[in-house]
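Below is one structure, written out as C-alpha cells; comments come after it.
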Amino acid sequence: MSTRFGAMARSAIRPADAPTSSVGKSRPPLTQMMAGVVLFSMGLLIIYMYQVIDGLHREQEDMRLQLNALANGRYHVPDAPPHLIVPPRAQFLDSRGGSAAALHRLAEEASAKATEDRTLQGKGSLLEEEVYPGSHAVFHEEEDPEAAKKRRLMGMYTTGTSAGVGCFELSDAAANNIDVSSATGCNSNICPDCFVTPATVSQAVTLTVTACSSAKWLRGNSRTGVWLYTFINSHATEVLTITDNSGTGKTTYNVPGGSYVTAYCASTLGTSNRLYFPSTQMPTLTVDDALTLSAGNFNAGSSSGTFTTSSGTNTLSGNVAIAGTKTFATGTGAVTLAGATTVSDSTAFTVGSAGSGGTTTLYGNVVVGDTGSGNGASITHNGNFLQQDVTGAAATFTTGTSGITLNGHTTIASGKNLELTSSGAGQLTTGTGAITLNGAVTISGSNSLTTGTGAIALNGDTAVAASKTLTVGTAGSGGATTLYGNTVIGATAAGGAATLTVNGNMAQGDVTGDAVSTLSTGGGAVSLNGDVTVAQHKNLYMVQTGTGAFRTGTGAISLNGNTEVTGSNTFTSGTGAVTLQGSVALADNVPFTVGSVGNGGGAQFFGTVIIGGSSGTGMSTSLTVHGDVAFNNDNDGTPKTFSTGTGAIALNGDVSIAANKDLLMANSGNGQFRTGTGNVNLNGDVTVESSKSLTIAQYTNQIVCTHSSSEVANTYCMASR
C-alpha cells in the first residue's frame, strides 16, 4: 500500500519525463502512520456494523416468517407447529437478487432431508417462502407430536420512531397516514414492515398505509414481488384500524386491543397498493375466546350444517333474516326482542300450543292493523283478558269507532268508570240480560236515560240532581213505583225541606213476616187533602206526651173504631152538629158537659136516654138539670111519656101540665098526692073514687070558694060559708 501511495504522490508532484535521482529509503512520517491506523480502524468498524445490521435484519425476517406462518394457519395439528429447516443464511452482503439458484439447491437438500425424516418419523410436508424479495426460506411442517418441543426461531424487533428500528411506533392520534413508498415516510426514515401502537394510547387509532406497492426497501431500493407487513396493537382496549389507499374494494381491518395482524402487499400483482390480510376462508375454525365481526357479512348460506352458539349471551347487532320456509326455534330460556319485530304479511304469530301456551308480556304499545282504508285487523282472544295498571299511572283501553262486541260478562273494577265521550252522539246498548252498575252513574248535560220495558233494579243509592225531577211514566199511564228501602224526601238541614206530591192514591203495605209498617212525618203540618182511611184493626195515633192538635176538614169524620181521649185530655168538636152513631159511654166519675155555664147548646137525644144502671145494686144515679126540661112528642103527633123510677121525684119549680093533659097516679097503688103550702088550684073536676074520702085536715083557715054563687059549684062549695 505504501508503494502505491508513494507512486501516486510522485506522479502528482512531477511530470513523468522529468529526470530522476536515487534517494535512500527512510521511515514514513508519523502523521501518515496515524492516518493509516485510523483508516484501518474505521474500515473494521464499518465491516462490524454491517455484520450487526445484517444479522439483525435476518433475525427480523425469521421472526416475520414465523409470524406469517402463525397468521396463515400453518398449524394442521395444534401440537406440531412449523419450524425452519434451512435458514436463509447467504454470504455477508451478498446480492439478494442472485440467491434464487442457491436457495433452490438448499430446498432440494431440505426435501431430501424431509424424505429421510418421513421415513423415520412419519408424514410431513416441505414449505418454501420468500423471506424478502429475492430471498427464500424452506420450512418443514411435520406431524410429529414431538415437533412442538423442537427449537423454533423467534422474531424480535426494536420499537421506536428512529432510523433502523424493526417496528415503527405510531403516534397517539386518531389518524396516522404513512406513505411507505417514501424514503422519509416514518419520521424522515424508510419505514420497516412492522407497525405498533405507542405505549400511551388515549383513543382509537386508524393507520392508513399509502402506496405499499412502491414501498422502499433497505438503502432506498424499491421492492418487487410480495412482502409481509405486521401490525401490532399493544393497547388493552383501544382499537387499531388498518386500511390502505387502493380504492374501491379495499379492506379495513380492525385490530382489537392486545392482538396483531399481518398483511401482504404486492408490487405488481392484484390491485395496486392493496393490503392482503389473512384469508377469511378456512376448513374449520376454532376460537378459544371471543370472535368480533366489525364489518362485512357473516354468510353460511351455502352450508347445510348447523350453527351453534356458545352458552353465553349472543348479540346480533344487524338485521336477521330467515330465508324461505326455514323456522326459528329458541330454547326454553327467555327470548328478548330489543328492536321492532315485524311478522310478514299473511303469516301467523303463535305463542305455545293450544291449551299449553305460555304467558306473553308486551311492555310497549301493541298496534293491530293500520288506520288506512282496508287495513283493519281483528283480535281473537280465546280466554281471559286481563289489563293491569303500571305503577304510578293508570292504564287505559281505547278502541276504534266501529262497534265493540263483548260476548261474555264484562266487569268494571271497583272505583272505575265506563264512559262515553260527553261530546259525542254514541249510544250504549246492552243485551237482554241483567245490567249491574256497581258504581255511580252520571248522565251529563241535558241527556236522558231511557230503559226498556223490563224491570230496572237500582242496587245502590240513587240521587237526582238539584232542581231535577224523577218521573215514572206519563200522565195517566205511569207504572207502579216500588221502593223496598226507606224513602227520604228533603233533608233535615235548614232549607232542605221538600214536598211530596202524590196525584193519585197512596198505599202503604206491610212486609210479610216483618213488623207492621209505619208512616212518620216531619214536625210541620201534614195536609191530607183526600179521604183518609185507617185500615181495619189499625189505629190513628198521635204522640201521647205531645201537645199536637188533631184537626180534620169540614167533611164528615167517621171513627169506625173505639175512640179514646186519654188522661185529662178533652174532646172538643166544632160548632156543627156532632153525631155519635154508636153507644157513647163516659168513664166512671167523668161528667158529660154540653157547652159552658150560661152558653150551653141544646142536647138532643133521638134515642132512649138511660141514666144509671138497673142490673145491679147501687148502679142508679141522678140527673141534674140546671135549666128548663121539655119533653116533646114526635113530629107525627105520637105522644111521648115521661117515666121515673119508684123513688121520690122532686120538682123544685112550678110544674105545668099542658092543656088537656092529665096528672095521673096509678089507681091501683097506694101512692099519695101532696101539694105544698101554696094555693092549689084544681081547675078541673076532682073526683074522689068510691070508697075513697077527701079529708081536710085540721086547719085554721077556712076553705074559700072563689066562684060566684050562681055557678054550679055553689052546690058543693058555698061562698062565705
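Numbers here simply count residues along the sequence, with the first being 1. Worth knowing before you read on, the calculation uses all heavy atoms, side chains too, and leaves out hydrogens, waters and symmetry mates.
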* Worked verdict on Thr200 versus Asp172 for side-chain hydrogen bond (donor to acceptor under 3.5 Å, both in side chains) -> CA-CA 7 Å; Thr200 301; Asp172 182 17; over 6 Å; no
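- The side-chain heavy atoms of Cys212 and Asp244, taken from C-beta on, include no pair separated by under 4.5 Å.
- With a 4.5 Å cut-off on side-chain heavy atoms, Asn384 and Leu386 do not count as touching.
- Between the side chains of Thr197 and Ser234, at least one donor-acceptor pair of N or O atoms lies under 3.5 Å.
- Residues Arg223 and Ser267 are not in side-chain contact: their nearest non-hydrogen atoms beyond the backbone lie 4.5 Å or more apart.
- Checking Asn187, Val196, Asn176 one by one against Phe168, the side chain to side chain contact (heavy atoms under 4.5 Å, CB included) holds for a single residue, Asn187.
- Two residues are said to be in side-chain contact when any heavy atoms from C-beta on lie closer than 4.5 Å; Ile178 and Leu170 meet this criterion.
- Other residues, nucleotides and ligands contribute only 12 or fewer heavy atoms inside 6.0 Å of the CG atom of Asp461.
- The side-chain heavy atoms of Thr241 and Thr252, taken from C-beta on, include a pair separated by under 4.5 Å.
- Applying side chain to side chain contact (heavy atoms under 4.5 Å, CB included) to Val239 and the options Asn254, Val205, Thr206 leaves one that passes, Asn254.
- Residue Phe195 forms a side chain to side chain contact (heavy atoms under 4.5 Å, CB included) with just one option from Ile232, Val180, Thr159, and that option is Val180.
- Among residues two or more places apart in sequence or in another chain, the side chain to side chain contact (heavy atoms under 4.5 Å, CB included) test is passed with Ser259 by Val255, Pro256.
- Using a 4.5 Å cut-off on side-chain heavy atoms (C-beta onward), Val201 and Leu240 make no contact.
- Tyr276 places none of its side-chain heavy atoms less than 4.5 Å from the side chain of Leu269.
- At a threshold of 4.5 Å between non-hydrogen side-chain atoms, the residues Thr262 and Pro278 count as touching.
- For Asp389, the side chain to side chain contact (heavy atoms under 4.5 Å, CB included) partners two or more places apart in sequence, or in a different chain, are Ala394, Ala395.
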